[in-house]
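Here is the structure we will look at, set down as structure tokens.
All heavy atoms count here, side chains included; hydrogens, waters and symmetry mates do not.
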Amino acid sequence: YGSMFRPGTRCRPPHVNIDNLKDDLFQADVMERFSITDAYTLATWLRENNEKLAELSDAEWAKRRGVDPAKLNKSFKAAVAKARENGFYLGLDKKWML
């Protein structure tokens, strides 16, 4: 998923900055809440969450954003399309961490 990671800290979805992702995981207390104790378990947990997000339809993404599917803005539709092209969804929102 290398093309989905950006060096800048203010990247737009679906891109992710690795430092921001690490901080978000820490702030969400993911390691403790999900009993993750090593890198392998964390990678597996991230992969599983990415696979769950991959199953969401456009309407389900709109619902996650709290908008009517017909009113989902063009930039977010483009972000979802790019996530689908690259198979990487973790940068579209942070709800999967909660």
Side-chain angles (χ1 to χ4, degrees):
Y1 307 112
S3 65
M4 300 306 287
F5 287 85
R6 295 286 189 247
T9 58
R10 299 187 62 181
C11 47
R12 294 184 306 176
H15 299 285
V16 174
N17 171 275
I18 192 67
D19 292 323
N20 287 349
L21 178 60
K22 287 190 283 188
D23 186 56
D24 290 340
L25 292 168
F26 176 77
Q27 295 297 327
D29 199 25
V30 166
M31 302 295 279
E32 186 171 325
R33 287 182 25 240
F34 296 98
S35 302
I36 297 171
T37 57
D38 57 50
Y40 177 80
T41 307
L42 177 61
T44 300
W45 184 83
L46 289 169
R47 205 171 13 262
E48 288 170 354
N49 277 280
N50 190 61
E51 289 169 4
K52 288 177 191 174
L53 294 173
E55 297 172 4
L56 297 179
S57 67
D58 285 354
E60 290 167 315
W61 279 111
K63 184 177 179 181
R64 285 174 73 94
R65 294 181 64 83
V67 298
D68 183 291
K71 296 183 180 179
L72 196 59
N73 67 38
K74 276 180 25 177
S75 63
F76 192 75
K77 284 181 182 179
V80 171
K82 189 169 197 172
R84 286 191 176 119
E85 287 171 23
N86 291 278
F88 185 79
Y89 301 84
L90 301 179
L92 289 172
D93 73 17
K94 296 179 183 179
K95 292 180 181 179
W96 58 270
M97 291 184 209
L98 306 176

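- Across all their heavy atoms, Pro14 and Leu92 have their closest contact at CB-CD2, 3.7 Å.
- Of the inter-residue distances, the one linking Arg6 atom CZ with Arg12 atom CZ reads 10.0 Å to the nearest 0.5 angstrom.
- Minimum interatomic distance between Arg33 and Leu98 (heavy atoms only, all atoms of both residues): NH2-C, 3.1 Å.
- Contact detail for Met4 and Ala83: the closest heavy-atom pair is CE-CA, 4.5 Å.
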* Asked: Can you list the steps and then say if His15 with Lys82 is a side-chain contact (heavy atoms from CB on, under 4.5 Å)?
  -> CA-CA 9 Å; His15 299 285; Lys82 189 169 197 172; 3.1 Å; yes

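- Atom NZ of residue Lys94 and atom CG of residue Asn20 lie 6.5 Å apart, to the nearest 0.5 angstrom.
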* Let me see the working for Leu25 and Met31 under side-chain contact (heavy atoms from CB on, under 4.5 Å), right down to the final yes or no. => CA-CA 8 Å; Leu25 292 168; Met31 302 295 279; over 6 Å; no

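- Every residue meeting the side-chain contact (heavy atoms from CB on, under 4.5 Å) condition with Ala59, not counting sequence neighbours, appears here in chain and number order: Ser57, Pro69.
- Note that the CG atom of Leu46 and the CG atom of Leu90 stand 6.0 Å from one another [nearest 0.5 Å].
- Here the closest heavy-atom approach between residue Ala79 and residue Pro13 is recorded as CB-O, 3.4 Å.
- Within the 4.5 Å cutoff, no side-chain heavy atoms of Thr9 are placed close to those of Asp19.
- Distance alone, capped at 3.5 Å, places no donor-acceptor pair between the Arg65 side chain and the Leu72 backbone.
- Partner of Asp58 under the salt bridge (Lys or Arg N to Asp or Glu O under 4.0 Å) criterion, out of Lys63, Arg84, Lys77: Arg84 alone.
- Within the structure, no pair that satisfies the side-chain hydrogen bond (donor to acceptor under 3.5 Å, both in side chains) test touches residues 44-55, not counting sequence neighbours.
- For Phe88, the ring pair (Phe, Tyr, Trp, His ring centres under 6.0 Å) partners are Tyr1, Phe5, not counting sequence neighbours.
- Residues satisfying the salt bridge (charged side-chain N to carboxylate O under 4.0 Å, His left out) criterion with Asp29, sequence neighbours excluded, are absent altogether.
- Atom CZ of Phe26 sits about 10.5 Å away from atom CD of Glu32, to the nearest 0.5 Å.
- Residues passing the salt bridge (charged side-chain N to carboxylate O under 4.0 Å, His left out) test with Asp23, sequence neighbours excluded: none.
- For residues 54-74, no residue pair satisfies the ring pair (Phe, Tyr, Trp, His ring centres under 6.0 Å) rule, not counting sequence neighbours.
- A pairwise comparison of heavy atoms in Leu21 and Met97 identifies CD1-CE, 3.9 Å as the closest pair.
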